[in-house]
Amino acid sequence: MINLLENMNEKQREAILLTEGPVLAIAGAGSGKTSVLTRRIAYLIYEKNVHFENILAITFTNKAANEMKQRVYDLIGVSHPRMWISTFHSMCSRILREHIERIGYKKTFQILDDDDVTQLVKSIMKKLNYDTKMFNPKIVKNYVIKIKYDKSVIDSIESPFEEVVKTVSKRYNQQLFENNLLDFEDLIVLTIKLLKEHQDVREYYQEKFKYVLIDEFQDTNNVQYDLVSLLLGKNQNIFIVGDEDQSIYAFRGANIENIRKFKRDYPKHHLVLLEENYRSTNTILKAANQIIKNNRDRISKNLFSSKGAGEQITHFKGVTARDEVEFVATKIQELKRKGYDYNDFAVLYRANSSSRSFEEVFMQKQIPYRIFGNTSFFKRAEIKDFTAYLRLMINLDDAYSFIRAISSPKRGVGGVTLDKLADFAADNSLSLMEAIDRSSEILGKSASTNLKNFKEMILDFRTKLNEISFNSLVDYILSESGYIEALKNDEKGDVRYENLLEFKTILSENEVLYQDLSKEEVLVYLLEDISLKSEESQSEILDGVTLMTLHAAKGLEFRVVFIVTMEMGLFPLNRSMMDRKDFEEERRLMYVGVTRAKELLYLTNASVRQTYGETSHNEDSCFIREINANLIDVKGYSEYVNRSFQNTVIQRKKEVSRTKLDNLNQYQENDLNKGDKITHTKFGDGVVISVVNDNCVIAFAQPHGIKRLLKDHPAISKK
DNA sequence: TGAGCGTACGCCCCG
DNA sequence: CGTACGCTCA
């Protein structure tokens with residue numbers, strides 16, 4: 001018999017054993033949170049004889065979910081691919097796949113990723129003759145998503161946007177519904193709708209999920225919070241784990257307040273504080289504490305570790321960005337010789353775009369690496385094209401995939417034809433596919449023949465699905481659609497073809513996993529997986545240096561961590577320096593990065609860097625200065641740099657970035673009112689259109705158009 | 001009507 | 001530096 005409490009400290013045991021009633025575990029970085037979660041699940045199953053179907057565990061990423069399943073399996077040998085350990089989105093997708101017909105959608109719904117949503121909003125805006133230069137489609141999209149759940153948000157939208165958002169949102173939601181498509185927000189919102197409107201479904205799940213566990217609670221948003229309450233019902237066996245200092249998803253609606261809200265909503269909860277850190281040396285922990293204590297809004301925690309002081313933190317500053325990359329590569333090779341594995345290293349950056357220079361040099365120096373995020377496999381054009389075919393086969397109503405599939409490769413049907421077809425379809429309440437049958441009424445002979453051929457082809461693919469193997473189906477679609485032929489004229493055709501062949505692997509893997517399902521159902525699951533994982537990229541390289549964003553690093557640990565591009569403007573990002581809340585989130589991101597390191601931490605940057613073809617000079621990231629100097633060993637060209645780059649350009653740049661930082665500490669209050677004429681340091685003269693709380697909307701001359709800005713931003717001055 | 005070419009623009013994080 | 005979009009020409 002295994003002992004699930006082995007090696008657990010007093011607090012951790014408490015968190016594992018308190019299975020009944022609400023429990024809030026505040027878990028500092030590296031405090032063994034995942035062990036607690038997995039052991040708690042194992043304990044429920046193994047010791048308390050709870051069936052795994054009665055446990056719901058929510059993680060933040062699919063990767064974390066898989067890892068948790070694996071660890072539970074390692075502990076007690078119980079596992080099942082359909083265990084309810086998943087992200088909010090996967091869980092909702094699974095519930096909806098089962099019951100969505102109750103709220104009027106079809107079971108074959110497909111999920112749109114974020115890029116698709118932005119594109120769709122943009123195209124709707126164009127159709128409605130809104131100027132996409134004046135109104136940034138991304139901002140409109142964010143509003144459209146936000147008001148899905150909370151209609152009252154519309155009242156807080158400033159005047160010129162309000163109108164646009166209202167109109168676009170109506171059209172957008174209608175189009176999604178007609179095409180049987182869901183966006184990520186729908187997954188949650190529609191699950192709430194389903195549970196609210198259908199008592200039997202609600203009671204089924206409330207009865208089913210007897211024990212609920214939620215990880216990374218600081219990153220839940222309000223909609224997710226409500227969903228949790230709804231799933232719980234009278235059941236109070238809820239266990240949440242969170243750490244305010246690691247909340248880094250506010251841009252996506254995450255609300256730190258949810259932890260405090262939980263305390264209020266579940267007054268009888270037990271509070272468990274996990275403060276002992278098992279990961280890092282005390283030098284690293286001290287640095288982390290020194291950084292995070294600069295944030296205003298936080299409950300202070302006292303992280304401690306029984307590990308020794310360890311090595312000093314290194315700050316390396318190269319003359320050029322190339323030096324920085326070379327330093328990282330050389331250091332890795334050096335440590336590798338001293339006995340470290342490639343797996344022990346992580347290079348963490350703020351923006352995905354920073355990865356390229358590291359990839360190049362690593363490749364050149366033959367350092368194996370695995371890269372996470374970025375243009376993931378599923379976001380590549382050819383993959384999206386092919387999935388469009390598959391989606392269309394499953395869901396003939398999907399106009400979005402229809403357009404993608406019919407346009408790649410080109411088959412004599414262009415924008416004009418499609419517009420006409422869409423208008424005709426709308427007028428006669430038909431789907432695009434249905435409208436094709438009557439297309440000769442509105443279109444010329446060649447266009448309507450091309451459309452009919454396309455439809456026949458898709459219908460043929462549908463028949464073939466049940467007649468031939470997945471492997472043959474991939475080949476069949478690729479050749480019949482003319483896709484292969486088109487790739488021959490494509491410079492990157494070979495690579496794209498290789499990528500497409502990956503579908504064979506993916507399809508057959510899923511076929512094995514879901515043996516008891518029909519081929520159509522397998523395809524539905526596969527497409528769902530692709531949608532939910534479109535942001536993640538898996539790599540086949542097992543032994544390699546990890547390259548990833550700071551965001552993606554949350555929850556992971558490495559013996560050696562390099563946090564790179566530590567420069568004002570890059571990290572913290574320029575944009576964040578306008579607002580204290582954003583800035584504090586950058587600081588939490590730094591905190592997350594630092595606390596990933598177990599033994600060695602390197603902070604690197606450069607004094608000269610090429611960005612967008614232009615040379616720029618940035619000051620050291622302020623986060624470096626927040627660490628006590630006696631913890632840091634300064635290496636590299638920094639002294640040389642200080643002496644030799646005293647030219648005016650650098651001086652001026654430094655002044656600019658210093659001003660930006662100062663602005664954070666110095667409050668400027670602009671007394672702005674509707675109609676005021678102002679000047680903006682970057683956008684020039686403008687007129688205030690509206691002011692709501694801290695925000696204002698100002699109309700500038702083209703090319704800037706209408707901007708939504710912070711009222712008190714120092715760049716704005718009244719005329 | 002759609003393909004090809006030149007210009008403008010963007011500085012992110014993710015399910 | 002790359003990509004996305006718009007314009008022009010075939």
Side-chain angles (χ1 to χ4, degrees), chain A residues 58-65 86-93 111-115 117-119 122-123 126 132-133 136-138 145 182-188 216 219-221 223-224 247-254 321 348-357 372-376 378-379 381 407-420 443-444 446-447 450 486 489 528-537 548-554 565 567 569-576 582 585-586 588-589 592-593 609-616 618 682 703-704:
Chain A
I58 300 291
T59 58
F60 193 68
T61 62
N62 288 301
K63 207 166 85 197
S86 67
T87 62
F88 272 109
H89 292 95
S90 294
M91 170 193 74
C92 289
S93 183
I111 302 157
L112 278 188
D113 72 31
D114 221 33
D115 292 345
V117 171
T118 311
Q119 284 305 117
K122 197 169 176 182
S123 80
K126 281 186 179 165
T132 49
K133 287 240 161 60
N136 182 344
K138 276 190 183 168
I145 297 296
L182 270 57
D183 58 34
F184 282 119
E185 186 76 356
D186 283 330
L187 288 172
I188 317 278
E216 308 282 10
D219 285 325
T220 54
N221 62 31
V223 193
Q224 290 164 337
S247 165
I248 53 175
Y249 284 95
F251 69 92
R252 211 172 91 179
L348 309 180
Y349 33 80
R350 179 63 179 88
N352 263 317
S353 53
S354 308
S355 68
R356 238 190 47 228
S357 52
F372 290 82
N374 223 2
T375 324
S376 89
F378 298 112
K379 276 192 165 177
S407 314
S408 44
K410 302 282 171 205
R411 42 170 64 84
V413 179
V416 179
T417 307
L418 285 173
D419 278 351
K420 280 189 196 161
L443 295 166
S446 81
N450 288 337
N489 300 319
E528 180 181 307
D529 258 19
I530 290 178
S531 311
L532 294 172
K533 287 180 185 166
S534 61
E535 300 298 336
E536 293 176 26
S537 78
M548 56 169 52
T549 62
L550 286 150
H551 279 91
K554 189 161 74 158
T565 72
E567 292 163 30
L570 295 174
F571 186 36
L573 276 178
N574 245 327
R575 275 180 53 171
S576 73
D582 290 346
E585 179 143 320
E586 294 285 303
R588 289 193 293 269
L589 199 52
V592 167
R609 180 179 296 276
Q610 297 287 118
T611 26
Y612 296 101
E614 274 182 57
T615 307
S616 58
N618 305 311
K682 198 173 162 202
H704 304 297

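For clarity, every value in this text was computed on a predicted model and none was experimentally measured. Numbered from 1 within each chain, the chains take letters A, B, ... in sequence-line order.
In this entry the distance linking CG of A:L570 with C1' of B:dC12 reads 11 Å, nearest Å. One atom, CZ of A:R350, and another, P of B:dC12, lie 10 Å apart when rounded to the nearest Å. Computed from coordinates, the A:N136 CG to B:dG10 P distance equals 8 Å when rounded to whole Å. Per the geometry, OH belonging to A:Y249 stands 6 Å off P belonging to B:dC14, to the nearest Å. One can place NE2 of A:H551 at 4 Å from C1' of B:dC13, the figure rounded to the nearest angstrom. Atom C1' of nucleotide B:dC12 and atom CG of A:D114 are separated by 13 Å, given to the nearest angstrom. Taking atom CZ of A:R252 as the reference point, atom P of B:dC12 lies 18 Å away to the nearest angstrom. Whole-Å rounding puts the A:M548 CE to B:dC13 P distance at 13 Å.
For B:dC13, the base is stacked against the aromatic ring of A:F251, per a cut-off of 5.5 Å between centres and 30° between planes.
Shortest non-hydrogen contact noted between A:F184 and A:D113 is CE1-CA, 4.1 Å. Here the closest non-hydrogen pair linking A:T565 and A:S354 is CG2-OG, 4.0 Å. Considering all non-hydrogen atoms of both residues, A:N221 and A:G253 come closest at CB-O, 3.1 Å. Heavy atoms only, all atoms of each residue included: A:A65 and A:S86 are closest at CB-CA, 3.9 Å. Residues A:S93 and A:I111 share a closest heavy-atom pair of OG-CD1, 3.9 Å.
Looking at A:H551, its side chain does come within 3.5 Å of a backbone N or O of A:I248 through a donor-acceptor pair.
A:F88 comes within contact range of no nucleotide atom at all, as no heavy-atom separation falls under 4.0 Å.
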Going through the distances and angles, do A:T87 and A:T59 end up as a side chain to side chain contact (heavy atoms under 4.5 Å, CB included)?
CA-CA 5 Å; A:T87 62; A:T59 58; 4.2 Å; yes

Hey, mind stepping through A:L418 and A:S407 against side chain to side chain contact (heavy atoms under 4.5 Å, CB included) and telling me if it holds?
CA-CA 10 Å; A:L418 285 173; A:S407 314; 4.2 Å; yes

Residue pair A:L570, A:R609: steps toward the side chain to side chain contact (heavy atoms under 4.5 Å, CB included) verdict
CA-CA 11 Å; A:L570 295 174; A:R609 180 179 296 276; 3.4 Å; yes

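Of the P atoms belonging to C:dA4 and B:dC13, the separation is 15 Å, rounded to the nearest Å.
Every residue two or more places apart in sequence or in another chain that forms a salt bridge (charged side-chain N to carboxylate O under 4.0 Å, His left out) with A:K554 is listed here: A:E216, A:D219. With sequence neighbours left out, the side chain to side chain donor-acceptor pair (under 3.5 Å) criterion links A:E586 to A:R350. In this structure, the side chain to side chain donor-acceptor pair (under 3.5 Å) partners of A:E585, at least two apart in sequence or on a different chain, are A:R588.
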Base, backbone or nothing for each nucleotide of nucleotides 1-7 of chain B, written B, S, -, heavy atoms under 4.0 angstrom, 5' to 3'?
SSS----

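The side chain of A:S353 places no N or O atom within less than 4.0 Å of a non-bridging phosphate oxygen (OP1 or OP2) of B:dC12. Distances shorter than 4.0 Å separate some side-chain N or O of A:R356 from OP1 or OP2 on C:dG2.
Among the duplex regions that DNA chain B forms, those built from at least three successive Watson-Crick or G-U pairs under 3.5 Å are B:1-10 with C:1-10, ordered by first number.
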Nucleotide N/O of nucleotides 5-8 of chain C paired with protein N/O under 3.5 Å:
unit_1, atom_1, unit_2, atom_2, d
C:dC5, OP1, A:K122, NZ, 3.2

